2 protein chains.
Amino acid sequence: MADVAARAGVSAMTVSRALKLGSTVSAATRARIMQAVEDLGYVLDLTAGTLSSKRTGFVAVLIPSLNNSNFSDTARGIGHRLEGSGLQMLLGATDYDLLKEEELVEAMLRRRPEAIVVTGGRHTERARRQLAAAGIPVVEMWDLPEAPLEHVVGFSNAAAAGAMVEHLHGCGYRSIAYIGGSTDRDTRGTDRRRGYERAVRELKLPAGLTIACGAPPIAMQQGGEAIVDLLGRHPEVDAVLCVSDLSAFGALAECQRRGWAVPGRLAIAGFGDFELSRCCHPRLTTVSVDAAGIGEAVGDLLLRAVTSGRDKAPLPPQTLRTPFTVTARETS
Amino acid sequence: MADVAARAGVSAMTVSRALKLGSTVSAATRARIMQAVEDLGYVLDLTAGTLSSKRTGFVAVLIPSLNNSNFSDTARGIGHRLEGSGLQMLLGATDYDLLKEEELVEAMLRRRPEAIVVTGGRHTERARRQLAAAGIPVVEMWDLPEAPLEHVVGFSNAAAAGAMVEHLHGCGYRSIAYIGGSTDRDTRGTDRRRGYERAVRELKLPAGLTIACGAPPIAMQQGGEAIVDLLGRHPEVDAVLCVSDLSAFGALAECQRRGWAVPGRLAIAGFGDFELSRCCHPRLTTVSVDAAGIGEAVGDLLLRAVTSGRDKAPLPPQTLRTPFTVTARETS
DNA sequence: CTGTTAGCGCGTTCAG
DNA sequence: CTGAACGCGCTAACAG
């Protein structure tokens with residue numbers, strides 16, 4: 001920056017000002033500075049600026065998986081809202097692992113984000129402590145925790161799964177199974193299973209029809225294996241709810257391979273409303289959750305929270321419920 | 001850090017040493033320091049450390065889209081290899097837009113990454129200049145540019161598409177169409193189309209069977225629309241190669257909806273070997289490219305290049321060709 | 001509108 | 001094995 005300043009015949013401070021928006025530098029001076037910047041190929045060093053301004057200009061966002069269109073849609077929604085705000089999004093993937101989340105939280109906090117977003121309401125004790133002590137806005141998304149850390153943008157995964165069970169019941173199905181993961185790694189998946197179990201109980205439908213098919217994230221292939229296992233053990237089943245659209249699609253494709261009519265022999269429902277579900281044949285009945293909308297809401301909230309924080313007027317904890325709907329299509 | 005030092009009865013310097021691996025601090029002192037760190041909930045500030053050590057501890061990775069399992073698999077591969085190396089991956093998505101890539105390159109360079117990875121071999125002039133001037137290792141991946149910036153990990157998209165055309169020709173198909181984007185935004189898509197056109201020419205097959213279906217990224221729905229358009233205009237077509245598995249799947253599902261037998265009426269081939277293609281029914285013929293392997297190779301290269309750079313012995317430009325294969329399945 | 005001074009919170013370097 | 005002085009590259013705060 002000193003080199004640029006010398007070349008433009010000004011002080012470093014003036015260069016610093018010229019390089020940031022909304023500053024008071026005369027047009028002529030700015031032009032000379034910009035020319036010097038171009039000539040020298042200078043690129044501002046934010047790490048130094050950060051140290052004196054105490055603003056890093058980024059927010060940390062932790063999602064379970066990059067390769068899940070629900071979460072990448074949410075991440076895109078956040079990034080979209082943050083565009084042009086001077087806040088960049090730094091993405092981390094936890095692989096559905098709370099310990100990895102804990103590590104990532106610390107790794108992110110070391111870089112001093114201006115806010116942090118985590119997925120879900122369950123975290124390790126250490127992660128909770130660090131998040132609470134970080135002194136920055138914290139958002140939990142894709143869930144409705146009972147004891148939130150601070151801000152929340154999400155919906156009840158249990159209620160959403162329950163709504164789907166009620167829908168299937170309303171369609172006349174009476175033996176409704178559930179396909180999900182075999183561990184509690186995916187906490188949203190666990191909540192969905194609980195919501196399913198509760199709905200089945202309340203509707204007085206047969207219980208014990210839960211198939212656990214390996215460690216989350218449950219992918220298409222596991223859905224296919226699970227449906228074969230399920231119908232082998234419980235041939236009376238006439239509908240199945242899957243933890244996500246991916247496993248539901250795997251189940252659907254396997255049924256097609258085996259000549260089991262969907263929905264004739266068996267109805268299939270997914271969760272998440274992936275693009276896949278709108279395009280496959282037959283189109284998949286699913287729970288729509290507006291993943292991009294969650295991201296946009298989180299982005300807006302981040303903007304408000306970070307701005308308030310700078311003005312020393314912390315935003316009171318917000319809880320935003322996002323909608324979910326049962327989208328009945330051709331597999332039920 | 002001064003607070004921690006005071007509490008542990010040592011100097012700040014000793015705390016700094018205790019907090020990083022492979023340093024020379026006595027066990028007793030370290031224990032006291034760690035206790036103080038826990039008591040105070042102290043989290044190291046990397047932004048400050050970065051300034052004096054001149055090592056930011058992260059590498060920038062730019063991919064076209066988060067929501068594309070090929071690229072997210074690659075990103076995961078990179079992250080996996082970087083784990084435990086002290087290098088973190090900072091991900092950016094360009095939305096298949098070279099101008100957005102240019103902006104992201106500058107935004108990343110402002111934070112002084114120790115290396116940068118970009119997708120593809122085409123960039124704006126300004127981005128090329130900045131990458132070349134950054135003084136850090138640069139990797140281009142998912143392509144085999146003729147004039148690489150420095151390191152390359154990838155394959156020829158044109159050759160891969162050509163190989164699929166030859167495969168279809170070998171199966172006896174004689175009127176082979178192509179479905180892809182209508183702009184050159186997706187430069188890998190453009191290369192695939194060129195590879196297709198060249199192969200068709202060399203095999204003396206009918207030309208003019210290219211369907212452009214909107215701005216990339218081409219998703220499932222566009223594949224479905226394109227196949228209807230295609231067969232309406234060129235009923236003689238007996239096989240189609242799609243720019244990616246997503247559009248191929250969309251085309252497949254639309255054929256099923258309309259009762260067009262695949263591969264009886266029409267063969268369909270995709271590109272990328274997404275999980276979807278291995279699971280759908282019928283299983284999709286595609287070009288397999290080992291997206292995760294590309295990521296792992298990039299990760300290894302980054303480790304070597306960054307280490308060499310620190311020792312003032314820059315790694316000579318590397319070019320790694322990654323394999324692709326035609327995976328014949330049930331749609332051809 | 002522009003310059004000067006001081007300092008952000010660490011790690012490097014050297015001395016003990 | 002530990003400590004002290006110094007500076008990384010920039011921006012806040014104030015003065016002019």
Side-chain angles (χ1 to χ4, degrees), chain A residues 1-34 36-37 40-58 86 106-107 109-114 134-136 310-312, chain B residues 1-34 36-37 40-58 86 106-107 109-114 134-136 310-312:
Chain A
M1 188 179 267
D3 293 349
V4 173
R7 192 178 179 98
V10 295
S11 73
M13 193 58 236
T14 305
V15 175
S16 174
R17 277 194 276 252
L19 257 29
K20 78 179 333 170
L21 277 63
S23 49
T24 55
V25 181
S26 76
T29 309
R30 159 170 278 132
R32 253 184 309 133
I33 290 173
M34 288 316 196
V37 165
L40 298 174
Y42 173 71
V43 176
L44 189 62
D45 186 335
L46 283 188
T47 61
T50 270
L51 197 54
S52 59
S53 72
K54 315 200 130 212
R55 291 195 32 200
T56 52
F58 84 91
E106 178 149 16
L109 291 182
R110 280 198 220 277
R111 299 189 186 275
R112 300 290 188 265
E114 299 196 37
I136 53 173
R310 284 181 193 150
D311 302 344
K312 315 263 179 207
Chain B
M1 188 180 266
D3 293 348
V4 173
R7 192 179 178 98
V10 294
S11 72
M13 194 55 241
T14 305
V15 175
S16 173
R17 276 193 277 253
L19 256 30
K20 76 181 332 170
L21 277 63
S23 50
T24 55
V25 180
S26 75
T29 309
R30 160 170 277 130
R32 251 184 311 133
I33 291 172
M34 288 316 196
V37 165
L40 298 175
Y42 174 72
V43 176
L44 189 62
D45 187 335
L46 283 188
T47 61
T50 268
L51 197 55
S52 57
S53 71
K54 314 199 131 211
R55 291 193 33 200
T56 52
F58 83 92
E106 178 150 15
L109 291 181
R110 280 199 220 274
R111 299 189 186 274
R112 298 293 188 266
E114 299 197 37
I136 53 172
R310 283 180 191 152
D311 302 345
K312 315 260 178 208

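When reading the values below, keep in mind they use all heavy atoms of this one structure, side chains included, and skip hydrogens, waters and symmetry mates. Each chain gets a letter, A, B and so on, in the order the sequences are listed, and its residues count up from 1. Just so it is clear, the model here is predicted, and its values are computed rather than measured.
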What string of B, S and - do you get for nucleotides 8-16 of chain D, 5' to 3', when a contact is any protein heavy atom under 4.0 Å? BBBSBB---
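- Remark: A/Arg112 engages B/Asp45 in a salt bridge (charged side-chain N to carboxylate O under 4.0 Å, His left out) (not counting sequence neighbours).
- Applying the side-chain contact (heavy atoms from CB on, under 4.5 Å) test to B/Arg55 and every residue at least two apart in sequence or in another chain returns B/Ser53, B/Glu114, B/Arg310.
- Residues meeting the side-chain contact (heavy atoms from CB on, under 4.5 Å) test with B/Thr50, sequence neighbours left out: A/Thr47, B/Thr56.
- Residue-level contact check: A/Thr24 touches the bases, meaning some heavy atom is under 4.0 Å from a base atom.
- Shown here are the salt bridge (charged side-chain N to carboxylate O under 4.0 Å, His left out) partners of A/Arg32, two or more places apart in sequence or in another chain: there are none.
- Contact check, B/Thr14 against D/dT2: no side-chain N or O comes under 4.0 Å of OP1 or OP2.
- Not a single salt bridge (charged side-chain N to carboxylate O under 4.0 Å, His left out) links A/Arg30 to another residue, sequence neighbours left out.
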